[in-house]
Trainee: 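Next up is a structure, given as structure tokens.
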Amino acid sequence: MKQIDCRAVSPLIGFILLMAIVMGLIGILQSTAVPQWNKAVEAKHLSELKYGVADFSEVVSLSASTGNPAKIVLKAGVDYPNYYVLVSPPKASTTISAKDLGIRVDGNVSVGGERREFRLENTTSAIIVEPNYFYSSRSKLIYEHSAVLRLEDSVVLRESDQSSFSNNSISLYLIKANFKSFATTESANLIFIPVSVGGKNLFSGNISFECFDEKTAEWWNATLSKVYENNSEVKVSRAGNVVSLENLKNITLSISVFEAYALATGEILPNPSQAQYNLIAITSTSFNVYPHSTLGLGAIVVDSYGNPVRGVGVVINDPCNGDTQKISDERGEVWYYFNANCTGNQLVNFVADGSTVTFNINVEQPPSSGGGGGGTFTLRWYKEVGNIAIRDHTWDVRNTTNQTNFYVNAIFQEGVVAFVPIYFVLNNTTIVSISDRSSQTNSTGWAYVNLTANMNGSVAIAAILGDSSAILNITVVNAGAVNLPPTIPNLVTDKKYYRSGETITATASGSTDPNGDPITYYYRFYDLTFNSLLRDWSTTNTYAISETEEGNKIRVYAKACDDSNACSQEVFTDVGVIKVIEIGDTTQIYDSYVRSTAANTNYGGSTVLYSGRTNPNHIWRTFIKFDLPPEITDARIMNATLFLYKSGHSGTPTTINLGAHRVLASWSETTINWNNQPSFETNPTNSITPPTTNNIYLAWNVTTDVQLFADGTANYGWCIKSSNENQATRITFNSKENSNTATRPYLRIEFAPKID
């Protein structure tokens with residue numbers, strides 16, 4: 001019997017069995033492991049997407065306050081890793097869409113001190129970001145009415161809280177989406193362009209708004225019920241997907257409107273639509289005045305949302321002084337000063353974009369009676385305060401020079417008439433001219449007028465307050481030749497910014513006197529911040545700054561007077577006083593570090609912070625942010641320095657640079673980790689080379705960043721990182737939680753009011 005050789009069969013069977021095992025393992029990995037691995041990739045992407053969408057609320061609010069466009073870049077696509085011999089799906093997309101939601105405002109607002117009916121029926125857009133994952137359940141990130149909500153299996157989760165509603169104010173953001181729905185696997189740019197911002201009015205009435213669906217409406221109902229739980233007058237209710245607020249009273253309402261663009265690729269600069277303008281009077285529109293009086297007429301240019309519009313040309317039709325044009329200022333306001341140089345009924349019109357405001361001004365002849373005038377108030381003339389009242393006065397110029405003061409006292413039912421506008425009118429400016437005057441009575445009912453005697457003769461001057469007047473008849477004698485005042489001088493200060501203890505030195509020059517008289521310069525120092533007089537007119541041109549004036553703006557005045565006491569018009573210049581603050585309170589500091597090898601771990605409660613690298617591949621970065629005080633808003637930042645206390649190191653510190661990089665997105669001390677760390681500027685604001693010495697403070701100059709924050713750029717703090725994260729050197733700092741209070745981080749800022 002022939003014997004069979006099995007030596008060649010056994011390896012073949014073994015190979016087949018091995019391949020079967022390998023294929024089985026691949027199948028198991030493909031069906032179980034790959035989905036789990038890719039779910040982790042999707043979870044990381046969703047986390048990044050949530051942080052990006054959560055920024056919508058902040059960038060829209062910032063854009064409303066600055067009037068500048070804002071952009072958010074979302075990494076929409078999901079890249080799945082390629083595994084050896086395993087199959088991953090292609091790149092997953094994200095769908096970005098918009099849904100129109102109705103909004104209604106019904107009530108009244110206060111404009112120019114008057115209540116006006118205000119109704120608005122309009123729409124805003126909810127922006128929905130929905131990743132199209134292959135393995136995970138679908139999530140919807142919804143930005144609506146300033147909140148970011150996430151719909152997860154019909155459960156509403158809050159990703160970013162609402163910022164529109166509070167007890168005292170409501171900010172409505174109307175988003176006009178110029179897109180409906182699209183899906184992309186690339187980055188998506190969300191651009192918000194403000195078309196109407198900047199308005200604030202006291203509002204009373206009702207507000208209702210639609211929500212994405214009933215589930216998000218229920219979240220809004222619960223949230224607003226808590227906001228107004230201590231206000232028994234406000235009623236919060238929900239009907240389907242509509243939430244209503246009723247009986248709001250005297251809350252500050254602002255409405256900001258944006259056009260929103262979502263772009264899969266590229267960038268555009270669209271032209272936002274223009275709203276129609278309306279003119280609204282902010283002063284009275286009816287006046288009764290006397291000749292040579294001056295009236296301030298004011299109107300505000302607003303759009304259909306009630307927001308002020310700057311840069312609008314307004315034509316002023318003035319039949320008395322001729323037509324002119326004014327441009328609305330940054331508050332949308334237009335002011336025109338009407339001079340009553342004619343008599344009778346005058347109609348002054350403000351006209352812009354088809355809207356007109358008419359001011360009816362009746363210029364009456366002044367009364368002929370002297371003394372008290374017979375009106376509501378009793379007015380009396382005096383040569384000196386507290387002396388005997390006068391109706392007639394002979395002015396001998398030889399005794400008083402050619403300039404002197406006369407005084408008026410106003411009384412109503414034996415009580416003083418304080419801080420009421422008062423006017424002075426002459427019947428002959430050839431004899432006497434007005435050099436200076438009060439614009440209103442003071443706290444004790446007194447006002448003055450400073451007259452210059454030009455030549456001999458008789459003149460009458462009327463003081464007019466409301467419907468009352470008093471006339472003083474003046475006879476000028478021994479006036480001689482007319483003494484003209486000197487020309488306006490030039491004025492400079494030795495610096496524009498000063499510190500406490502330094503002295504302001506002002507220098508007036510360049511004035512000439514038409515009569516060739518000697519000239520003396522006088523100076524006056526005034527605190528604009530607190531509206532207080534620091535030193536009245538004197539020949540002293542210096543002022544020593546005290547600690548109480550730190551952070552204030554000081555106005556320096558100068559004038560030139562000749563030896564006959566004829567003075568030029570005043571000229572002024574402003575200076576700023578530098579203030580130094582240190583922010584080191586733990587309630588104003590947020591700090592943490594992130595670590596590449598503990599990518600999902602938060603270290604916000606650590607007593608130390610790390611920056612740099614340790615082997616084999618541990619990368620460490622410090623994040624720190626400070627709450628900035630409101631007083632630096634729009635200030636000139638002279639210097640800002642960030643201090644961190646170096647308590648240790650590993651490696652060789654002098655081989656690296658540590659940079660302070662301005663952070664570009666929001667983050668939380670209690671949730672930040674390596675995976676969700678915010679983006680930051682590629683180039684550092686300032687870099688330093690750490691010394692080998694420990695237990696010392698290191699300092700970064702961050703002046704340019706703090707100036708940006710003061711000017712309105714969002715403050716997200718700094719990332720402290722090594723310039724070479726491949727170099728195995730790590731620096732240790734003490735955090736705000738460190739028990740040694742003398743070694744905690746702090747920010748030192750020197751600032752002063754901006755001087756234009």
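Worth knowing before you read on, the calculation uses all heavy atoms, side chains too, and leaves out hydrogens, waters and symmetry mates.
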Trainee: Between Tyr497 and Glu750, does any side-chain donor sit less than 3.5 Å from a side-chain acceptor?
Mentor: no
Trainee: Can a donor-acceptor pair be found between the side chains of Ser166 and Asn168 at a distance below 3.5 Å?
Mentor: no
Trainee: Kindly determine whether Phe350 and Phe359 satisfy ring pair (Phe, Tyr, Trp, His ring centres under 6.0 Å), including the steps that lead there.
Mentor: CA-CA 8 Å; Phe350 286 25; Phe359 299 90; 4.9 Å; yes
Trainee: So does Trp537 get a backbone contact from the side chain of Arg524, meaning a donor-acceptor N/O pair under 3.5 Å?
Mentor: no
Trainee: Pick one: which of Asn409, Asp392, Val449, Asn473 meets side-chain contact (heavy atoms from CB on, under 4.5 Å) with Trp381?
Mentor: Val449
Trainee: Is there a donor-acceptor pair closer than 3.5 Å between any side-chain N or O of Asn701 and the backbone N or O of Thr703?
Mentor: yes
Trainee: Side chains of Arg636 and Ile755, heavy atoms from C-beta outward: is any pair under 4.5 Å?
Mentor: no
Trainee: Using only atom types and a distance under 3.5 Å, with no angle test, would you say the side chain of Ser328 pairs donor to acceptor with the backbone of Val309?
Mentor: yes
Trainee: Just by modelled atom types, is the Asn478 backbone N or O under 3.5 Å from a matching donor or acceptor in the Asn456 side chain?
Mentor: yes
Trainee: May I ask you to check whether over 12 heavy atoms, not counting those of Leu533, lie within 6.0 Å of atom CG?
Mentor: yes
Trainee: Under a 4.0 Å N-O cut-off, is there an ion pair linking Glu570 with Lys559?
Mentor: no
Trainee: Does a donor on one side chain sit under 3.5 Å from an acceptor on the other, for Ser171 and Ser254?
Mentor: yes
